[in-house]
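Just below is one structure, and these are the notes that go with it.
Order of listing sets the numbers, starting from 1, for every ligand and every atom in it.
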Amino acid sequence: MTSMQIFHPLQTLSLTQLQRRQSAKWQRYGKDILPLWVAEMDVPLAQPIIDAVQNAMEMGDTGYGNGDAYGEAFAEFALARWNWTVDPVDTFAVIDVLTGITEVIAQISGEDVPVVITPPVYGPFEKYVTRMGRKLLHAVLTPEGRLNPETLETAFAAIKKARTGGIVLISNPHNPTGVSHTRAELEMLSALATTYGIRIISDEIHAPLQMPGHEFTPILTVTGAESAIVVTSASKSFNLAGLKAALVVGGPPSRADLNALREGHVHGASHLGVISHAAAYHSGGPWIDAVIADLNTNRHLLGDLVAKHLPGAHYFLPESTYLAWVDCRPLQLAGDPAQIFEEQGKVAFSPGSFFGDEGAGHVRINFATSPTILTEALRRAGSVLLAR
Ligand SMILES: Cc1ncc(COP(=O)(O)O)c(C=O)c1O
């Protein structure tokens, strides 16, 4: 590639190449269905990641992980991207974000402590928390898909009344509405949490993928939220979900909790996972900037395609992530929109109900694909309406 050529990661791989992948996104459905569902991206990997993993394979360096490489690489990235100073001492590598969240919940609270989530939100939050035997409270988002002070306060007040103490688990930025919580919104959350004695856990897995004009606010930089605990990973933004690793990040008030987590572990994240994620954070900056530029083009293209092929549906223009939330209720389809688009249109989106009852009638579209595939996917969805 010459210096004059611009790298377009989302335009590099053909459908035939993508269909050879063995991952869930490309194998769950038959070849006749275009898959725009689970959060994997249709991109080639960043070269520094390939080099780091290849090097490890050539050395046979495939044993157990060791040391703080993940935390150190994340600290470097957080400072460069968000001017956020993280002390690697306050980090701890875990297998993946969901496991990390459950481990943090179990560490910081007793079994009678309930967890508040903010639906529609990433479905496994509810599943994992419920499986832990925890009571779950819903602080439903506003109609705009943003944190809602009223529902949060209602949930927090109920917890205070029960005198159990509580936890609020947020997706920052928010999957599936694509909202980048503003500093003011997070200050509101932090103030309410302080008032009602609630501890914050912030899932920041989508943080690096900010669209132009929007910013990621790390919860640990928000006034009053110093005792929050973050669980994050390079897996979404660098397409590394198959190379398992994630990171718990705390501040000084959480040191005892992180030490206890560390002591309870022998091995956590996969060694190759840490090697690949650390390479991503160290050297993946230019690659991710190119991905963001392509995602920015795609989010506007998708808005136009929804208007053209699904007129009346409401498109939430994503502020971050590569996941777009579309309210299909105005289309008055006779059933679950995702199921109808899949069966009749041969295109797979994530059903809104995966994100809680509040998501019924919506679909989530993964637009981390080529403009060609995106255009064909929406044409297929639109064909369902034309056939009515
Ligand atoms: C908000 C959020 N958290 C967690 C995950 C899953 O992360 P992991 O595979 O590290 O458990 C996802 C995957 O899409 C996600 O969107």
For this session: Return yes if some donor-acceptor pair links the side-chain N/O of D68 with the main-chain N/O of G71 below 3.5 Å, else return no.
Result: no
Exercise. Going by distance only, is there an N or O of H206 that falls short of 3.5 Å from an N or O of ligand 1?
Worked result: yes
For this session: Report the nearest protein non-hydrogen atom to atom 9 (O) of ligand 1: residue, atom name, distance rounded to 0.1 Å.
Result: D96 CB, 4.2 Å
Problem set entry | Residues D289, R81: salt bridge by 4.0 Å N-O rule | yes
For this session: Go through ligand 1 atom by atom and flag the ones less than 4.0 Å from a non-hydrogen atom of K236.
Result: 13 (C), 14 (O)
Exercise. Which protein heavy atom lies closest to atom 7 (O) of ligand 1, and at what distance to 0.1 Å?
Worked result: I205 CD1, 3.4 Å
Exercise. Can you list the atoms of ligand 1 that are under 4.0 Å from a heavy atom of N175?
Worked result: 15 (C), 16 (O)
For this session: Provide the number and element of each atom of ligand 1 under 4.0 Å from a heavy atom of V97.
Result: 4 (C), 7 (O), 8 (P), 10 (O), 11 (O)
Seminar exercise, completed: If we number the atoms of ligand 1 from 1 as shown, the ones under 4.0 Å from a heavy atom of A39 are 14 (O)
Exercise. Do ligand 1 and K244 have nitrogen or oxygen atoms that lie under 3.5 Å from each other?
Worked result: no
Seminar exercise, completed: Nearest non-hydrogen protein atom to atom 3 (N) of ligand 1, with distance, is D203 OD2, 2.5 Å
Exercise. So, are E126 and R131 salt-bridged, with charged N and O less than 4.0 Å apart?
Worked result: no
Exercise. Looking at ligand 1, does any of its N/O atoms fall within less than 3.5 Å of an N/O of L98?
Worked result: yes
For this session: Give a yes or no on whether a salt bridge exists between D257 and R199, defined as a side-chain N under 4.0 angstrom from a carboxylate O.
Result: yes
Exercise. What about the rings of W287 and F238, do their centers lie closer together than 6.0 Å?
Worked result: yes
Problem set entry | Carboxylate-amine/guanidinium contact R134 E111, below 4.0 Å | no
For this session: Could you tell me how the ring of F349 sits relative to the ring of F341: parallel (under 30°), tilted (30 to 60°) or perpendicular (over 60°)?
Result: perpendicular
For this session: Answer yes when K25 and D42 have at least one side-chain N-carboxylate O distance shorter than 4.0 Å, and no when they do not.
Result: yes
Exercise. So which protein heavy atom does atom 12 (C) of ligand 1 come closest to, and at what separation?
Worked result: Y122 CZ, 3.3 Å
Exercise. Does the N or O separation between S233 and ligand 1 drop below 3.5 Å for any pair?
Worked result: no
For this session: Show which atoms of ligand 1 fall inside a sub-4.0 Å distance from at least one heavy-atom site of S171.
Result: 1 (C)
For this session: Answer yes or no: is there an ion pair linking K346 with E342, defined by an N-O contact shorter than 4.0 Å?
Result: no
